[in-house]
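Letters go in sequence order (proteins before strands), and every chain restarts at 1.
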Amino acid sequence: MIDLRIDLPGLKLKNPVIPASGCFGFGEEFAELYDLNQLGAITIKAATLEPRIGNPTPRIAETYGGILNAIGLQNPGVEVIIKEKLPWLEQFDLPVIANVAGDTVDEYVEVSRRLAGSEVIKALELNISCPNVQKGGMAFGTDPDTAAELTAEVKKAAGKPVYVKLSPNVTDIVKIARAVEEAGADGLSMINTLLGMRLDLRSGKTVLANGTGGLSGPAIKPVAIRMIYQVYREVNLPIIGMGGIQDARDVLEFLYAGASAVGIGTANFINPYVCPEIIRDLPGVLAEHGFNSIQEAIGYAHR
Amino acid sequence: MIDLRIDLPGLKLKNPVIPASGCFGFGEEFAELYDLNQLGAITIKAATLEPRIGNPTPRIAETYGGILNAIGLQNPGVEVIIKEKLPWLEQFDLPVIANVAGDTVDEYVEVSRRLAGSEVIKALELNISCPNVQKGGMAFGTDPDTAAELTAEVKKAAGKPVYVKLSPNVTDIVKIARAVEEAGADGLSMINTLLGMRLDLRSGKTVLANGTGGLSGPAIKPVAIRMIYQVYREVNLPIIGMGGIQDARDVLEFLYAGASAVGIGTANFINPYVCPEIIRDLPGVLAEHGFNSIQEAIGYAHR
Amino acid sequence: MKLTEDMLVIKNQELAPGIYELVLRGENVRLMKEAGQFVNVQLEGKGFILRRPFSICEINSPEKEFKIIFRVQGEGTEHLAGIEAGERLNIFGPLGKGFPESALAEGETALLIGGGIGTPPLYELARRLHDRGNRVITVLGFQDRDGVFYEEEFSRYSEVHIATMDGSYGYKGNVLELIEDLGLDFDILYACGPMAMLKAIQEAYGKDKRGYISLEERMACGIGACYGCVCDKEGDSPYQKRVCKEGPVFGLNEVSI
Amino acid sequence: MKLTEDMLVIKNQELAPGIYELVLRGENVRLMKEAGQFVNVQLEGKGFILRRPFSICEINSPEKEFKIIFRVQGEGTEHLAGIEAGERLNIFGPLGKGFPESALAEGETALLIGGGIGTPPLYELARRLHDRGNRVITVLGFQDRDGVFYEEEFSRYSEVHIATMDGSYGYKGNVLELIEDLGLDFDILYACGPMAMLKAIQEAYGKDKRGYISLEERMACGIGACYGCVCDKEGDSPYQKRVCKEGPVFGLNEVSI
Ligand SMILES: Cc1cc2nc3c(=O)[nH]c(=O)nc-3n(C[C@H](O)[C@H](O)[C@H](O)COP(=O)(O)OP(=O)(O)OC[C@H]3O[C@@H](n4cnc5c(N)ncnc54)[C@H](O)[C@@H]3O)c2cc1C
Ligand SMILES: Cc1cc2nc3c(=O)[nH]c(=O)nc-3n(C[C@H](O)[C@H](O)[C@H](O)COP(=O)(O)OP(=O)(O)OC[C@H]3O[C@@H](n4cnc5c(N)ncnc54)[C@H](O)[C@@H]3O)c2cc1C
Ligand SMILES: Cc1cc2nc3c(=O)[nH]c(=O)nc-3n(C[C@H](O)[C@H](O)[C@H](O)COP(=O)(O)O)c2cc1C
Ligand SMILES: Cc1cc2nc3c(=O)[nH]c(=O)nc-3n(C[C@H](O)[C@H](O)[C@H](O)COP(=O)(O)O)c2cc1C
Ligand code: FES
Ligand code: FES
């Protein structure tokens, strides 16, 4: 029997497959398609202190092998999430990771504190890499000192494991990863989207109302693999790897690079059943390559 | 009649279509396929002071919508290039852009000086963005001060227009662009490849012998468009835009974003006739969108 | 039971220049409940990632077949135009909320207003309302004569009036002008077409008439999870409605356009 | 006259598990001069960017047809396996330098050594050398019985010996062991197959025999412009030879493997 289990700070995972933040709502829609209990965990949509309406539409554009999104962190605010979304998630035997965003350090701290107070939330994911908001977001993820300060403050207040979600839009991702490691992060999520743009030839304007958007999907996979590979060598934190994963073979590549678990984002839009299908296929792919467990494959490319 | 001509510092172009450095050798192979005089200009392979053998093979890998390369600046050295490659190019009515690389500022300066001495070379392109070498290359392109110093030194010595080829692997490309503008650059080429990696599931090793490689092709187009768009707003230098261009419509998108001419790299490998075909299609695409000249379309997305 | 299925292409045929009629067969056809729901079609090749949404145009339950009509718009629909009978397409759906037939009481008259490629979802609706014994009037607007399609089909189930912008076929003008000119009377309206048309309909009939309109927005997930396709909720905080989930069909005044 | 052409697929058929024979028709077949040259095949769909190189296996000039034989190796060849007669494939080629037939004088004997999927380019060569009146011996090596293909075809033009690693068909062992066991005598050798086999051939015959070997390397441009596919030049500075341009066929000692 192939062992798909993996333990990460705060997260006892049945398997390493986790829908990525923003691509899975709060689970309700996908629960109509399949049993969420199959998943390793779920990452819910970014929460901010107040409700946010997000960016104007169009918010979605397609590129070759990828998509651009500029949702802009639309969410009903942390209180509504705690009152209306989390209770629904209690019915599942499923660790929930809460993705946290904000304009200021204080906002991150406050949102984290409140979410950490919920039973179903097993870990926090600090989104310091959202490219689609004016303030906060990526600004926190591109400077090592700011990222470290934010991490330290949230750690102090939250009392639950903190994963920091890194932005790929940086010169040196290892530097940021090291900074948040020193500041006390329990794990890393990487990567968020690459900042991109499309122009409409007819109107001459950007396809997205917001101008720029975040590039995700298979197009960015080689960048994700490279960054995880680099960070794994230099930083001693478990990594939830993501960026373009489409199938169980892609998952194996991420494990090889150094990820301990994986996030699945855009692929849910291509095939809404992709997560359970990957979970179904993963034992076979591991076995085919001579592994008996997830654990054995993690960081294999570094041996 | 649609006017495809465009004048850039040192470069009187019949049309804005320029094969990108490293994807077209010194023109010889493509000259067997079509008449190079059709092209706007050509950019030749990176030259270094001494001959370089480049990286071990495999040097090429495929990704979804892109390729990774780790050629590693293989070239016969500037002297051989001047003696054996440039004289052959004299037969064409074609501005030649020389791509320059090196380990040190002095090497860049010396290579630039020698190349600028050749009649056929109309402009230099400083490759401060090659991700596939240990020293130099991208290291020069990720720090604004280093990039500026290099630009200034080469400008002093060269006496021909200098285009600086920017790396997309940076947190803030506008900062680098501004720094080289202030240092006296005559133009910008952007973007070079994104640093990426693929792992082979069988061997568990990187597909490329070099480990990482540079990602090019349609996968990176939205990143290129975004960067050109950002830089065009803040910097007053003409831009040779590249990154994933496949057809005349893509060219128009780059012009809209702010490019004055375009480089075609990876597409030459998919369709070896892509450059003349783009040149053939461009007037129709311009006309379809209501333009009478290249000039009118440049920066159109900013109006 | 999966909501995605590799369905068999039974037919793919050009109806008018750039307008195709595509018939698919699959088990999930029996899940298709309402006119106005849509399917999300996966495309293979050329770096396509997102599925393309198309309205269900006709449901043939006994044959497990359904139809979409699409216009070649960009690369994806161009690719779709090249698909031939015998090939398979992965279909995700039915998705979304369709046109509520039950809003129409016995003896009432329905006005169906279609603009260009907004016409297809009204076809299944026309059939159903007709089968319920209601009087159905269909007013369709197109750019020009070349763009007209499905006039004959609609006339099986309804009284049809056609307008073209250049007057090359039928009435010269837009659908609203035509409706006014004809002095059409109706109890409820169902509309699908360009945003400008829907906005004009809201303005003309929003105060006095009941009605339903179908919206389009760029989508990623198609099921309400990504918040890509939101639209404004009338009179409330914006972006609270998802076209793919709460729509694509909304009450006439439910959303602000 | 372009070197790329959308050629018609005449046949695509499985020869042995995972091994396909693909016949294409096009005008550029008349440019195919030498056995051992290759074509670069464009694939549509699934994010493919690079063309796939395959050796020309048989040239049928009167019919403007040529053949390649390929093994399903990864996603690209899997896609290729699904292509059917009547479809078109964009072919770039012929490319590269093939096996020089003229190296073989009248009355001399040629030994053709093929390993697995390295066998195909030797087929056209066997035919040509046979047609010139030379004696041709072919030694082919495969993993096992299932992998064996083209024995009968090669025997039309040559004396054929087969080896399998597990002995499930023919001789048990590798091609070099078989050649030695049979005590085969020859004047010149032509080989194509895995690097390990080519290396062993260099070691065994590099000193005393004339010969040619065909290499493989990952390619981007296929014409010598990108320097992606370089190999080492024997005794000189490395990476001076491009497999796509100066090769894929090199003199036995021309390159170091
Ligand atoms: C609920 C719904 C029902 C629809 N029903 C029909 C129908 O019955 N017949 C028909 O011809 N068209 C219909 N459309 C529009 C159809 O989805 C688009 O024309 C199609 O997606 C264009 O794809 P493309 O690749 O050719 O165009 P491109 O412009 O190349 O597409 C680029 C991206 O933008 C998206 N996009 C472009 N136009 C639209 C649009 N109008 N609405 C939503 N997304 C768009 C594409 O899906 C794709 O992701 C419907 C749209 C929606 C939302
Ligand atoms: C000159 C030459 C002649 C060849 N002739 C034949 C032939 O007649 N029959 C046959 O079955 N195969 C032949 N090959 C090998 C064939 O090109 C590869 O098997 C094929 O490219 C694999 O593609 P893929 O997408 O299935 O594999 P993947 O592994 O998914 O391909 C990934 C990338 O690596 C490249 N690649 C993988 N394996 C090889 C390889 N061995 N050589 C070069 N590139 C590779 C692919 O082209 C692609 O760019 C030849 C290769 C060369 C260089
Ligand atoms: C529509 C959409 C919305 C997203 N929203 C969030 C978000 O709220 N918070 C976050 O940290 N990442 C968000 N992301 C990023 C994804 O979680 C993921 O990091 C990224 O898309 C790369 O993975 P993928 O290629 O598998 O999609 C979003 C991505 C998409 C496509
Ligand atoms: C095989 C290969 C070799 C390259 N060599 C060079 C080089 O020598 N100097 C340079 O400045 N850029 C080099 N580049 C980068 C290209 O010039 C171009 O900036 C990049 O590939 C993006 O454009 P594309 O997507 O059209 O290929 C190389 C790219 C490839 C694919
Ligand atoms: S498309 Fe995702 S919410 Fe509508
Ligand atoms: S593949 Fe480009 S040089 Fe050989």
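- One N or O on the side chain of A/E62 and one on the backbone of C/I49 form a donor-acceptor pair closer than 3.5 Å.
- We find the CG-OG1 distance between C/D232 and A/T57 to be 7.5 Å, quoted to the nearest 0.5 Å.
- Both the backbone and the side chain of A/I60 come within less than 4.5 Å of a heavy atom of chain C.
- The CG atom of A/N69 sits 8.0 Å away from the SG atom of C/C226 when rounded to the nearest 0.5 Å.
- The heavy-atom pair separating C/R51 from A/P272 by the smallest distance is NH2-CD, 4.2 Å.
- No cation-pi contact links C/K46 to A/Y64, judged by a cut-off of 6.0 Å to the six-membered ring centre and 45° from its axis.
- Between chain A and the options C/G76, C/C221, C/C229, heavy-atom pairs under 4.5 Å are most frequent for C/C221.
- The shortest distance between side-chain heavy atoms of C/T4 and A/L33 does not fall below 4.5 Å.
- The two residues C/A225 and A/C23 have their closest heavy-atom pair at CB-O, 4.3 Å.
- Comment: A/E277 engages C/K2 in a salt bridge, judged by a side-chain N to carboxylate O separation of less than 4.0 angstrom.
- Contact tally against chain A (heavy-atom pairs below 4.5 Å) for C/Q42, C/E217, C/M219: the top residue is C/E217.
- Using a distance-only test at 3.5 Å, with no hydrogens or angles considered, a donor-acceptor pair links the side chain of A/R59 to the main chain of C/Y227.
- Residue contact with chain C, scored on non-hydrogen atoms closer than 4.5 Å, involves the backbone of A/N55 exclusively.
- If you measure heavy-atom distances from A/T63 to chain C, the contacts under 4.5 Å come from the backbone alone.
- The backbone N or O of A/A61 sits nowhere less than 3.5 Å from a side-chain atom of C/R218 that would complete a donor-acceptor pair.
- Within 6.0 Å of atom OH in A/Y34, more than 12 heavy atoms from other residues, nucleotides or ligands are found, so the atom counts as buried in its surroundings.
- With a 4.5 Å cut-off on non-hydrogen atoms, A/I53 touches chain C through its backbone and its side chain both.
- Contacts with chain C were tallied for A/G27, A/P51, A/G54, A/G66; A/G66 has the most, counting heavy-atom pairs under 4.5 Å.
- Interface remark: A/E28 contributes no atoms to any contact with chain C (heavy atom separation under 4.5 Å).
- The CD atom of A/E32 sits 9.5 Å away from atom CG of C/L3, with the distance rounded to the nearest 0.5 Å.
- With a 4.5 Å cut-off on non-hydrogen atoms, C/F92 touches chain A through its side chain but not through its backbone.
- Annotation: maximal heavy-atom pairing with chain C below 4.5 Å, among A/P56, A/A219, A/A267, A/P76, occurs at A/P56.
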